[in-house]
Amino acid sequence: MSCPCGRGPSLSECCGPYLKGIKKPITAEDLMRSRYAAYVVQDIDYIIKTHAPETVHTVDREDATAWSQNADWLGLDVLRTERGEKDDEEGIVEFVARYELDGDLHTHHERSRFRRIDGTWFYVEGEMVKPEPMVRTGPKVGRNDPCPCGSGKKYKKCCGKVA
């Protein structure tokens, strides 16, 4: 089985050493990926341990545990990173985590902020990214306009028909 974070060949060769405390994540992205893996394997202690001291009080262990246990984790996509390399003190990672919960598919799109303290990366906070509003690219079709499907009928009598 490949690592849940999507990067390594297995959990034991990728994020496992971070979760067990054998190794420290080198970059902010490494920490973010290992935190995703922790949710997948229900290691909430790791989630709390990797939270920055000033924001760890915001973690609701009960909610995090329930989310971790009840979600069917489907994958992680890292969209972009800003700084967060091994010599940086701060970094931002934007990602999308996909999961199924109660039969519904969900996406968790977040821009996370990380900070390195004494050589160790910590999650500080995240901001949910809202999807861009849908913008009509073509002209608005009126009820009495010809249907854009090309049928020759009025829109209201064709594709705009209300059942």
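Side chains included, hydrogens not; waters and symmetry mates left out as well; all remaining heavy atoms used. Small disclaimer: the values here were computed from a predicted structure and weren't measured.
Hydrophobic clustering, with ILVMFWY side chains joined whenever heavy atoms are under 4.5 angstrom apart, keeps Val129 apart from Ile92. Under a hydrophobic clustering in which Ile, Leu, Val, Met, Phe, Trp and Tyr are joined whenever their side-chain heavy atoms come within less than 4.5 Å, directly or via other members, Val56 and Tyr123 fall into the same cluster.
Here the side chains of Cys149 and Cys159 are in contact, with some heavy-atom distance below 4.5 Å. Using a 4.5 Å cut-off on side-chain heavy atoms (C-beta onward), Glu125 and Glu54 make no contact. Using a 4.5 Å heavy-atom cutoff, the side chains of Met32 and Thr81 are not in contact. Within the 4.5 Å cutoff, the side chain of Leu19 has heavy atoms near those of the Leu11 side chain. Put simply, the side chain of Cys15 does not reach to within 4.5 Å of the side chain of Pro4, judged on heavy atoms. Under the 4.5 Å side-chain criterion, counting only non-hydrogen atoms from C-beta, Asp72 is not in contact with Leu101.
In this structure, Arg116 is not positioned above the aromatic face of Phe122 in the sense of NZ or CZ being under 6.0 Å from the six-membered ring centre and within 45° of the axis.
At least one donor-acceptor pair under 3.5 Å links the side chain of Asp60 to the backbone N or O of Glu62. Of the possible donor and acceptor atoms, one in the side chain of Asn70 sits under 3.5 Å from a partner among the backbone N and O of Ala66. Ser151 places a side-chain N or O within 3.5 Å of a backbone atom of Lys153 that can act as its donor or acceptor partner.
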Practice task
Show your working on side-chain hydrogen bond (donor to acceptor under 3.5 Å, both in side chains) between Ser34 and Tyr46 and close with a plain yes or no.
Solution key: CA-CA 9 Å; Ser34 67; Tyr46 183 78; 2.7 Å; yes
Practice task
Tell me, with the steps shown, if Arg7 and Asp30 meet salt bridge (Lys or Arg N to Asp or Glu O under 4.0 Å).
Solution key: CA-CA 10 Å; Arg7 183 184 271 173; Asp30 291 341; 2.6 Å; yes
Practice task
With side chain to side chain contact (heavy atoms under 4.5 Å, CB included) as the test, would you mind laying out the steps for Cys5 and Cys14 before giving the verdict?
Solution key: CA-CA 8 Å; Cys5 84; Cys14 189; 3.6 Å; yes
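Annotation: Asp102, atom CG; neighbour count of heavy atoms from other residues, nucleotides and ligands within 6.0 Å does not exceed 12. Residue Lys86 places its NZ atom among 12 or fewer non-hydrogen atoms of other residues, nucleotides or ligands, all under 6.0 Å distant.
Between Arg83 and Glu90, the shortest heavy-atom contact is CB-O, 3.4 Å. Here the closest non-hydrogen pair linking Glu110 and Gly126 is OE2-CA, 3.3 Å. The two atoms that bring Ala64 and Ile44 nearest to each other are O-CD1, 3.6 Å, heavy atoms only. Considering every non-hydrogen atom in both His51 and Val124, the closest pair reads CE1-O, 4.0 Å. Shortest non-hydrogen contact noted between Phe95 and Leu76 is CD1-CD1, 3.6 Å. Heavy atoms only, all atoms of each residue included: Tyr36 and Arg98 are closest at OH-O, 4.2 Å.
The line from CG of Leu31 to OG1 of Thr120 is 10.0 Å long, rounded to the nearest 0.5 Å. For the atom pair Ser68 OG and Asp63 CG, the distance stands at 12.0 Å (nearest 0.5 Å). Rounding to the nearest 0.5 Å places NZ of Lys23 at 4.5 Å from OH of Tyr18. Here the CZ atom belonging to Arg35 is positioned 11.0 Å from the CG atom belonging to Asp43, to the nearest 0.5 angstrom. Note that the CD atom of Glu100 and the CG atom of Leu74 stand 6.5 Å from one another [nearest 0.5 Å]. The line from CZ of Arg143 to NZ of Lys157 is 9.0 Å long, rounded to the nearest 0.5 Å.
In summary, the aromatic rings of Trp67 and His108 are positioned with their centroids under 6.0 Å apart. Not less than 6.0 angstrom separates the ring centroid of Phe114 from the ring centroid of Trp121.
Counted by atom type alone, Glu29 and Thr27 present zero donor-acceptor pairs between their side chains at under 3.5 Å.
Ring pair Tyr39/Trp73 is tilted by interplanar angle, where 30° to 60° counts as tilted.
The pair Asp45-Arg61 meets the salt-bridge criterion, with a side-chain N (NZ, NE, NH1 or NH2) lying under 4.0 Å from an Asp/Glu carboxylate O. Comment: Glu94 does not engage Arg113 in a salt bridge, judged by the lack of any side-chain N to carboxylate O separation of less than 4.0 angstrom.
Through ILVMFWY side-chain contacts below 4.5 Å, Met128 is grouped with nothing and stands alone.
Not counting sequence neighbours, Thr65 has no partner by the side chain to side chain donor-acceptor pair (under 3.5 Å) test.
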